[in-house]
**Student:** 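Can you keep this structure in mind? I'll have questions shortly.
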Amino acid sequence: MVKIISDSTCDLSPELVERYGISILPLHILLGEEEYEDGKSITPEEIFRWSDEHETTPKTSAPSMETAMELLRPYVENGDECVCFCISESMSTSGNVIRMAAAELEAEQLVTVIDSKNLSTGIGLLVIEAAILAEQGLSAQQITEKIEELRPRVRASFVVDTLVYLYRGGRCGGLAAMLGSALKLHPKIVVEDGVMHSTKKYRGNIRSVVLNYTKDMEADLRRAKPDRVFITHSGCAPEIVEPVRQYLESLGVFAEILETHAGGVVSSHCGPGTLGVLYIV
């Protein structure tokens, strides 16, 4: 059976990783001189605390080639095909690291790298689809072809509670951040063809904002692939998440409504209180 691997930015919960037999390759997060593995040795809460104390955004970097080789080696030695997912290659060199690791192991024929052109559970949606196809006995080439058909149909977006982290990371100007905070503005960040950009701006308290943001997608949600939808957030309170879940349930579209927490890489750049609804149309 084909082995499915993803870098840690797919933001799948440990339960989903275990359910679908997925292996995770962690990216690195740098807090000053200290280096941590995303999802393994540091939590988003620790990242937020450090970021606020130092008034800066942590640096993130691709996995080490040694770690990638270590993860791939047993499958390569067994002659298994591997399909590996990475965060959008416009955002990280994660995919290239996996390719170099495969070349070092002389396993380019066994290892396929798919640029998700996405982040967070926008990747996770594709990873789960690939794992299901692998369980059905499809080859790496067949899985890749089907995933490439699905990839442009992934809808990944988030609303941000605070503009401070986007400002610290250079994705938002200082004046815009100040005005946004004063006016209680919450931008919708959309991922399209591997690139993040801001679209609509919502105004008000975050609880009403996230619900309005979700309701604005109703037409798309009603024609979504019905298997699953993700609510992915960076530590939102249950009273913020639950109305979104109830609304999605009321549509009667999805077999599964999955709640996951954004990992360290996504949380570093978007900050606490970020929430997204992600699905495939």
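Bear in mind the structure is a predicted one, so any value in this text is a computation, not a measurement.
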**Student:** In terms of hydrophobic clustering (I, L, V, M, F, W, Y; side-chain heavy atoms under 4.5 Å; direct or indirect links), are L25 and I22 co-clustered?
**Tutor:**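 No, L25 and I22 fall in different hydrophobic clusters.
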**Student:** Find the distance between CG (L125) and OH (Y279) and round it off to the nearest 0.5 Å.
**Tutor:**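 Reported value, rounded in 0.5 Å steps: 11.0 Å.
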**Student:** Go through the steps for V76 and D80 under the test side-chain contact (heavy atoms from CB on, under 4.5 Å), then give the verdict.
**Tutor:** CA-CA 6 Å; V76 167; D80 296 331; over 6 Å; no
**Student:** Anything under 3.5 Å between a donor and an acceptor, one on a side chain of residues 105-114, the other on a protein residue two or more places apart or in another chain? List them.
**Tutor:**
none

**Student:** Find the distance between CG (L275) and CG (L211) and round it off to the nearest 0.5 Å.
**Tutor:**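 So the CG of L275 and the CG of L211 are separated by 10.5 Å.
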**Student:** How long is the gap from CD1 on I123 to OG on S116, to the nearest 0.5 Å?
**Tutor:**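 Spacing of CD1 (I123) from OG (S116) equals 4.0 Å.
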**Student:** Do you know the tightest heavy-atom contact between A130 and I143?
**Tutor:**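 The answer is CB-CG2, 3.8 Å.
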**Student:** Using 0.5 Å steps for rounding, measure from the CZ atom of F85 to the CD1 atom of I24.
**Tutor:**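 Between atom CZ of F85 and atom CD1 of I24 there are 11.0 Å.
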**Student:** Just by modelled atom types, is the G32 backbone N or O under 3.5 Å from a matching donor or acceptor in the K59 side chain?
**Tutor:**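 Answer holds: no.
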**Student:** Should P44 and H261 count as side-chain neighbours, where that means a heavy-atom distance under 4.5 Å?
**Tutor:**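 With C-beta onward as the side chain, the pair stays apart.
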**Student:** Would a 4.5 Å heavy-atom cut-off, applied to side chains only, mark L126 and N118 as touching?
**Tutor:**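 In short, these two side chains do not touch, never coming nearer than 4.5 Å.
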**Student:** Taking the side chain from Q142 and the backbone from S139, do they hold a donor-acceptor pair closer than 3.5 Å?
**Tutor:**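 Yes, the answer is positive, given that a donor and an acceptor are paired below the 3.5 Å cut-off.
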**Student:** Between I280 and L133, is there shared hydrophobic-cluster membership here, with clusters defined by ILVMFWY side-chain heavy atoms closer than 4.5 Å?
**Tutor:**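 Hydrophobic grouping puts I280 with L133.
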**Student:** Hey, which of L248, V253, D216, V281 is the one that makes side chain to side chain contact (heavy atoms under 4.5 Å, CB included) with L221?
**Tutor:**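 With L221 as partner, side chain to side chain contact (heavy atoms under 4.5 Å, CB included) holds for just one option, L248.
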**Student:** When you compare the side chain of V83 with that of I5, does any pair of heavy atoms fall below 4.5 Å?
**Tutor:**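 Contact flag for I5/V83 side chains = no.
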**Student:** Using a 4.5 Å cut-off on heavy atoms from C-beta on, say whether the side chain of H28 contacts that of E37.
**Tutor:**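 A side-chain contact exists here, since the closest heavy-atom pair is under 4.5 Å.
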**Student:** Go through the steps to decide whether T43 and E46 satisfy the test side chain to side chain donor-acceptor pair (under 3.5 Å), and finish with yes or no.
**Tutor:** CA-CA 5 Å; T43 66; E46 290 169 321; 3.3 Å; yes
**Student:** Indicate, with yes or no, if M100 and I98 share a hydrophobic cluster defined by side-chain heavy-atom contacts under 4.5 Å among Ile, Leu, Val, Met, Phe, Trp and Tyr.
**Tutor:**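 Looking at the clustering, M100 is in the same group as I98.
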**Student:** With side-chain contact (heavy atoms from CB on, under 4.5 Å) as the criterion, how do V209 and I206 come out once you've worked through the C-alpha distance, each side chain's angles and the decisive distance to 0.1 Å?
**Tutor:** CA-CA 5 Å; V209 162; I206 193 65; 4.2 Å; yes
**Student:** What salt bridge (charged side-chain N to carboxylate O under 4.0 Å, His left out) pairs are there with at least one residue in residues 238-266, not counting sequence neighbours?
**Tutor:**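 Only R19-E256, E242-R245, R245-E259 qualify under salt bridge (charged side-chain N to carboxylate O under 4.0 Å, His left out).
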**Student:** Ignoring hydrogens and geometry, is there a side-chain-to-backbone donor-acceptor pair from S94 to I87 under 3.5 Å?
**Tutor:**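 No; judged by distance alone, with no hydrogens or angles, the pair does not exist.
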**Student:** Please check this pair: side chain of S88 against backbone of G194, looking for a donor-acceptor N/O pair closer than 3.5 Å.
**Tutor:**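 Yes, S88 side chain to G194 backbone: donor-acceptor pair under 3.5 Å.
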**Student:** Verify, without hydrogens or angle tests, whether H233 (side chain) and G273 (backbone) share a donor-acceptor contact under 3.5 angstrom.
**Tutor:**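 Here the side-chain-to-backbone pair does not exist.
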**Student:** Any chance the side chains of T232 and S120 put a donor and an acceptor closer than 3.5 Å?
**Tutor:**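 Distance-only check fails for T232 and S120.
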**Student:** Are any non-hydrogen side-chain atoms of F254 and D227 less than 4.5 angstrom apart?
**Tutor:**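 Answer no - side chains too far apart.
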**Student:** How long is the span from the CE atom in M217 to the CG atom in L278, to the nearest 0.5 Å?
**Tutor:**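 Output value for this atom pair is 8.0 Å.
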**Student:** L119 and L150: same hydrophobic cluster, using ILVMFWY side-chain contacts below 4.5 Å?
**Tutor:**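 Yes; L150 is reachable from L119 via cluster members.
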**Student:** Treating D115 as the side-chain partner and E89 as the backbone partner, does any N or O pair qualify as donor plus acceptor under 3.5 Å?
**Tutor:**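 Yes, the answer is positive, given that a donor and an acceptor are paired below the 3.5 Å cut-off.
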**Student:** Hey, could you give me each pair passing salt bridge (charged side-chain N to carboxylate O under 4.0 Å, His left out) that has a residue in residues 119-137? Not counting sequence neighbours.
**Tutor:**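 For residues 119-137: E129-K225, E129-R228.
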**Student:** Quick one, Y36 with E34, criterion side-chain contact (heavy atoms from CB on, under 4.5 Å). Give me CA distance, side-chain angles, the key distance, then yes/no.
**Tutor:** CA-CA 7 Å; Y36 301 89; E34 299 294 322; 3.5 Å; yes
**Student:** Among side-chain atoms of Y247 and E218, is any donor-acceptor pair under 3.5 angstrom?
**Tutor:**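 Y247 vs E218: donor-acceptor pair found between side chains.
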**Student:** May I ask whether I132 and F230 are part of the same hydrophobic cluster, defined by side-chain heavy atoms of I, L, V, M, F, W, Y residues being less than 4.5 angstrom apart, directly or through others?
**Tutor:**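 Same hydrophobic cluster.
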**Student:** Going by salt bridge (charged side-chain N to carboxylate O under 4.0 Å, His left out), name the pairs with one or both residues in residues 7-17, residues two or more places apart or in two chains.
**Tutor:**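 Listed once each, the pairs would be none.
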**Student:** Does a side-chain heavy-atom distance below 4.5 Å link L27 with S92?
**Tutor:**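 A side-chain contact under 4.5 Å exists here.
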**Student:** Looking at side-chain heavy atoms only, is the closest gap between V159 and T274 below 4.5 Å?
**Tutor:**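 No. Closest side-chain heavy atoms not under 4.5 Å.
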**Student:** Determine, stepwise, if the pair S13 / T260 fulfils side chain to side chain donor-acceptor pair (under 3.5 Å).
**Tutor:** CA-CA 6 Å; S13 66; T260 65; over 6 Å; no
**Student:** Is there a donor-acceptor pair closer than 3.5 Å between any side-chain N or O of S234 and the backbone N or O of A262?
**Tutor:**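 A pair under 3.5 Å: no.
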**Student:** Filter on side-chain hydrogen bond (donor to acceptor under 3.5 Å, both in side chains), then keep only pairs touching residues 148-159, sequence neighbours left out; what's left?
**Tutor:**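 Output for this query lists S157-Y213.
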**Student:** Give me the atom names and distance for the closest heavy-atom approach of G122 to V154.
**Tutor:**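 G122 and V154 have their closest heavy atoms at O-CG1, 3.6 Å.
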**Student:** On a heavy-atom basis, which atom in A140 and which in V2 lie closest, and how many Å separate them?
**Tutor:**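 Closest pair (atom of A140, atom of V2, distance): N-CG2, 3.6 Å.
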**Student:** Give, for atom OG1 of T199 and atom CD1 of I189, the distance between the pair rounded to the nearest 0.5 Å.
**Tutor:**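 T199 atom OG1 to I189 atom CD1 measures 7.5 Å (nearest 0.5 Å).
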**Student:** In the structure I gave you, are the side-chain heavy atoms of I231 and L258 within less than 4.5 Å of one another anywhere?
**Tutor:**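 A side-chain contact is absent here, since even the closest heavy-atom pair is not under 4.5 Å.
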**Student:** Check whether N78 reaches the backbone of P74 with its side chain - one donor and one acceptor, N or O, closer than 3.5 Å.
**Tutor:**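 Checked: no pair found.
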**Student:** Kindly list each side-chain donor-acceptor pair under 3.5 angstrom involving residues 60-72, sequence neighbours excluded, with atom names and distances?
**Tutor:**
unit_1: S64; atom_1: OG; unit_2: T67; atom_2: N; d: 3.1
unit_1: S64; atom_1: OG; unit_2: T67; atom_2: OG1; d: 2.6

